[in-house]
Amino acid sequence: MTNPTAAALIARSNRLGADPKNTNYAGGNTSAKGTETDPVTGQPVELLWVKGSGGDLGTLKEQGLAVLRLDRFRALTGVYPGIDREDEMVAAFDYCLHGKGGAAPSIDTAMHGLVDAAHVDHLHPDSGIAIATAVDGEALTTKIFGEKVVWVPWRRPGFQLGLDIAEIKKQNPAAIGCILGGHGITAWGDTSEEAESNSLWIIDTAAAYIEANGKADPFGSVRAGFEALSEAERRERAAALAGTVRALASTGKPMVGHFTDSDVVLDFLASERAPELAALGTSCPDHFLRTKVKPLILDLPTTASVDDQIARLHELHAEYRADYQAYYDAHATAESPAIRGADPLIVLIPGVGMFSYGANKQTARVAGEFYVNAINVMRGAEALSTYSPISDAEKFNIEYWALEEAKLQRMPKPKSHQGRIAFVTGAASGIGKAIAVRLADEGACVVVADLDLEKAQAAAAELGNTDVAIGVAANVADADAVQAALNDAVLAFGGVDLVVNNAGLSLSKPLLETTEKDWDLQHDVMAKGSFLVSKAAAKVLIDQKLGGDIIYISSKNSVFAGPNNIAYSATKADQAHQVRLLAVELGEHGIRVNGINPDGVVRGSGIFASGWGANRAATYGVEEKDLGQFYANRTILKREVVPENVADAVYVLTGPELSRTTGLHIPVDSGVAAAFLR
């Protein structure tokens, strides 16, 4: 049973974290002090419940809390070795834990444990950070809040900062909280309700003061030629640039992307001061840990051609990498972790929007959200004063902090397909859906493409939220529809790495009953459709310079002459040869093209359910319900093939184990000797 004090803390945290004006994703931490019965002594023991390392306030649950014995934690002040060795205190936190389980204590735990208040909130609101990053933030704090809020000069999070805030509270009995220079806010209260109220008062008071007293145009006037394009033009230009931008952001290691064209971003990029302010970088530790110290911003107007923008992006990227290397070299010591890559995580395209990048979709999306926070902070600081972030030296000390490196090293090993973006056609049911499920399970972002948008979106929702999968409409026989679907994919996830040509249908008829319409329909969907999808995807794959995979779900019938199957088998043979042709053509770009030849996939198959099964059963003289076993009985292994078996083959072909394989067709048919490849 959850302790009432902890339950109230979780509820308060969820309320505060649910509103982005209060704090950013995974930003800040909250705590509560209370009593619990010690299971060893049976006596009451004072405990500190505090949000653990890496958690998010808006979704915090009991297992996300670190629970420490307050007496032992406060006793750490007696062994504190001083600011030069304060990082050692984090390891000491483990000796203060109460029981087992729960989250690891964060670096901010000292702020909560040492402050003499029952409830403490540390948050990263845009309005509060705007004051914290103003050049005269200390004077503004006094002017805006009076004695109720105290200024704390910038200090890296840690034990000393906890001691500083504890002393400030002691020396300022009228204070309800403080502004942490270059960082955020901290507030406290005797009750959970009072702490929450005080936090909100600081946030709202800062926002109201900026609104009432700030300049109307803190970013200056609009730059001619840098205004936002129309929504359709923005998306078209973003899709055209996405492959190249991802290639630049992934020079060091592959990244997943996210695209944002919100008014906040577009208005900032259209302003005359955007280049100057962007170059100053972000300030709040949470911001630049997610976004790097500064973004890459394109300096060409929207009237520039795509080719000119691409050429300039390459030049700017080379300059960015050299600048980041110089930043690392200027501040690194012998003890510093190795450089973590010199590529930008935020790329700003005036008139179009922002690309943000991370190891997975959630990280990429959150990086973009953090840069929106940074824009809001710059606006607030410039509206009242001058934006003045912490120095590059201090940023480096946070970015390459040994404790931050240790946190990165504790992260679980990525799954085989993490960081890869899969585009699967005909994926709302049957084989395609099984493939989408398997790839998502292996860590890939998945675009479920299907003729039926509603079914595609429903199938995607089964895989997870939009950080995992999206559903798009895709009539693969229509070039414009295919391009639109690929554009949706690259704007959702930054690009495409893995394409599965699975969309298909079949009409089982003998030659004399097969109409021209029957022939055209099957060839349009499978032969032409695979060609159109591969062509549109290859452009992105080549631009990205990350290699990639194209998989064709062909058929045993591509090599086996079955009865009453002229149109279907002929188009499957067409697909099979496309594999060979594209493997040769795209190999120089590191793109592997392979095929899978299933047979007898009856269970869960959309093709069989649509009448094909009944026709094939009649052809072979068996009941439709027995068709799966009929197919199994004629194979060498005597085992029925199901959609998941085909998905397994896709997983293997696109995973790391067969990285040197291209132009191959893998039979998934339980062994049909007449269809052996030879």
With sequence neighbours excluded, what pairs up with [X] under the side-chain hydrogen bond (donor to acceptor under 3.5 Å, both in side chains) test?
| X | result |
| --- | --- |
| Asp164 | Arg155, Gln160 |
| Asp441 | none |
| Ser385 | Asp136 |
| Glu211 | none |

message: Tell me whether the rings of Tyr328 and Tyr400 are parallel (<30°), tilted (30 to 60°) or perpendicular (>60°).
response: perpendicular
Exercise. How are the rings of Tyr327 and His331 set relative to one another: parallel (under 30°), tilted (30 to 60°) or perpendicular (over 60°)?
Worked result: perpendicular
>> If we count only N and O atoms by modelled type, under 3.5 Å, do the side chains of His122 and Thr186 hold a donor and an acceptor together?
In response: yes
[X] side chain near [Y] side chain, heavy-atom distance below 4.5 Å:
| X | Y | answer |
| --- | --- | --- |
| Val377 | Tyr387 | yes |
| Asp261 | Met354 | no |
| Leu47 | Leu68 | no |

message: Closer than 4.0 angstrom, basic N to acidic O: yes or no for Glu276 and Arg273?
response: yes
salt_bridge(Lys294, Asp323) N-O dist < 4.0 Å: yes
Quick one: which residue pairs count as a salt bridge (Lys or Arg N to Asp or Glu O under 4.0 Å) with a foot in [range], not counting sequence neighbours?
| range | answer |
| --- | --- |
| residues 350-364 | none |
| residues 5-28 | Arg12-Asp121, Arg15-Glu196, Lys21-Asp204 |
| residues 33-57 | Asp38-Arg69 |

Distance-only criterion, 3.5 Å: show the donor-acceptor pairs between side-chain atoms of residues 173-181 and protein atoms not counting sequence neighbours.
none

Practice task
For Thr35 and Pro44, indicate whether the former's side chain and the latter's backbone hold a donor-acceptor pair under 3.5 Å.
Solution key: no
Pi-cation contact, Phe268 with Arg379 (under 6.0 Å, within 45°) = no
The complete set of side chain to side chain donor-acceptor pair (under 3.5 Å) pairs with one or both residues in residues 460-470, sequence neighbours excluded, reads Arg365-Asp467, Lys433-Glu462
Salt bridge (Lys or Arg N to Asp or Glu O under 4.0 Å) filter on Glu442, not counting sequence neighbours, yields Arg438
Applying salt bridge (Lys or Arg N to Asp or Glu O under 4.0 Å) to Glu88 and not counting sequence neighbours gives Arg85
Partner of Phe355 under ring pair (Phe, Tyr, Trp, His ring centres under 6.0 Å), picked from Phe259, Phe493, Tyr371, is Phe259
- Item | Asp87/Trp401 under side-chain hydrogen bond (donor to acceptor under 3.5 Å, both in side chains): CA gap, chis, key distance, verdict | CA-CA 9 Å; Asp87 288 359; Trp401 199 358; 2.9 Å; yes
Would you be so kind as to tabulate the donor-acceptor pairs closer than 3.5 Å made by side chains of residues 144-151, with sequence neighbours excluded?
none

